[in-house]
Amino acid sequence: MPEAGATPILDTMRDLPIGIFDSGLGGLTVAGEIMRALPDESIIYLGDTARCPYGPRSQNDVRRFVLQIGRWLSAREVKLIVVACNTATAAGLPLAQQAFDVPVIGVVEPGARAAVKATVNRRVGVIGTVGTIESGAYSQAARAIDAGVTVFSTPAPRFVDLVEQGLRLGEGTLEDLLSQMGSVYVRPAFYEMARDYLDPLKRSGVDTLVLGCTHFPLLETAIQQVMGSRVRLISSAEETAREVVETLTLRGHRAGPSATRTEVYATTGDPDEFGALGARIIGRGLGTVKHVDVAELEALFDHTMAERLREHEADETCG
Ligand code: DGL
């Protein structure tokens with residue numbers, strides 16, 4: 001219910017969509033949680049599939065992408081931006097928060113917060129892309145919440161390829177996909193890879209493991225089998241959705257029920273493929289997926305943005 005005396009500006013804000021982006025399809029797991037938690041909100045989702053994966057790229061490249069996509073979403077008048085990609089959050093969240101007028105929420109802090117709440121022995125493991133792990137973002141976020149927590153992290157880049165293959169080869173909904181991932185990857189090749197990544201974490205005695213990459217929740221069953229049932233797995237999608245709810249509620253910017261609610265999906269890659277694979281994650285059709293040219297995004301990275309990025313990097317170098 002809109003409050004009595006609410007200003008027209010506030011009412012307009014309520015009707016604006018939430019902008020969400022990821023390097024590709026994985027962020028749809030976060031979008032799905034946000035839509036479950038906030039069924040009245042309109043959303044605009046951009047998957048930068050043409051430039052995926054972000055994981056092996058330099059921080060500088062990923063930051064540029066974050067600024068470009070943030071600007072693309074801002075031009076569509078979103079009321080809040082969710083960086084639904086761990087690598088992009090780790091590299092570019094503070095920069096995006098400085099650059100844009102609306103709140104920008106990432107997935108690292110919510111995941112770290114959930115892990116810190118869940119751990120009993122205060123030993124937390126994190127797996128993610130090379131970019132995410134090398135940035136140290138999860139360790140910093142966890143220690144900012146509880147300085148007594150020890151974080152053990154390992155990059156697990158081959159898990160991303162595995163999920164991509166599974167998405168392309170499997171059939172059915174996300175639930176089907178999850179059970180296929182659970183059974184299809186109970187194979188020697190998966191276990192060998194999983195052991196390489198996960199055995200050191202098991203030896204460190206972690207009781208909680210953060211799935212610090214949008215793709216990894218799709219391997220949850222298999223990872224749980226390797227880690228053992230006593231290790232709690234954390235995916236940040238739900239926690240991130242909770243943070244979006246809290247932010248919009250505190251600002252009085254939550255949408256009410258409306259017949260004009262919209263869902264827009266866009267990709268820099270192939271819209272048909274994005275629609276087909278995305279429908280499996282969301283559990284229903286995405287409608288017509290819009291194509292956005294990478295050149296259109298690159299054109300948004302103007303002199304002001306370049307200057308902002310240079311200043312940010314200079315600040316970082318100075319410590
Ligand atoms: N979306 C990325 C993340 O959560 C995984 C895929 C990529 O490397 O771009 O880190």
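Below, all heavy atoms of this structure are taken into account, side chains as well, without hydrogens, waters or symmetry copies. All values reported here derive from a predicted model rather than from experimental measurement. Order of appearance sets the numbers: ligands from 1, and atoms from 1 within every ligand. The first residue of the sequence shown is numbered 1, and numbering continues consecutively from there.
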Within the 4.0 Å heavy-atom cut-off, what Val107 brings close to ligand 1 is neither
Logged contact type for Thr214 with ligand 1, heavy-atom cut-off 4.0 Å, is both
Under 4.0 Å from one or more heavy atoms of Cys52, ligand 1 contributes atoms 9 (O)
Q.
Check for me whether Cys213 has a heavy atom closer than 4.0 Å to any atom of ligand 1.
A. yes
Quiz item: Between Glu246 and Arg242, is the closest basic N to carboxylate O distance under 4.0 Å?
Solution: no
Are Asp161 and Arg158 ion-paired here, with the side-chain N under 4.0 Å from a carboxylate O? no
Gly55 heavy atoms within 4.0 Å reach ligand 1 at atoms 7 (C), 8 (O), 9 (O)
Salt-bridge contact Arg310-Glu307 (side-chain N to carboxylate O under 4.0 Å): yes
- Check: Val160 N/O within less than 3.5 Å of ligand 1 N/O: no
Q) Does even one non-hydrogen atom of Gly128 get within less than 4.0 Å of ligand 1? A) no
Below 3.5 Å, N or O to N or O, backbone or side chain included: is there any such pair between His215 and ligand 1? no
Between Gln224 and Ser229, the two heavy atoms sitting closest are NE2-CA, 3.9 Å
The protein heavy atom nearest to atom 10 (O) of ligand 1 is Thr87 OG1, 2.6 Å
Hey, are Arg51 and Asp61 close enough for a salt bridge, meaning a charged N less than 4.0 Å from a carboxylate O?
no
message: Under the criterion ring pair (Phe, Tyr, Trp, His ring centres under 6.0 Å), I'd like the reasoning laid out for Phe274 against Tyr265: C-alpha separation, chi angles, the key distance, then a yes or no.
response: CA-CA 9 Å; Phe274 189 92; Tyr265 296 93; 7.1 Å; no
Closer than 4.0 angstrom, basic N to acidic O: yes or no for Lys79 and Glu41? yes
Under 4.0 Å from one or more heavy atoms of Ser23, ligand 1 contributes atoms 1 (N), 2 (C), 6 (C), 7 (C), 9 (O)
For atom 7 (C) of ligand 1, the closest protein heavy atom turns out to be Tyr54 N, 3.3 Å
On a heavy-atom basis, the closest approach of Val126 and Leu209 is N-CD1, 3.8 Å
One finds that the ligand 1 atoms under 4.0 Å from a non-hydrogen atom of Asp22 are 1 (N)
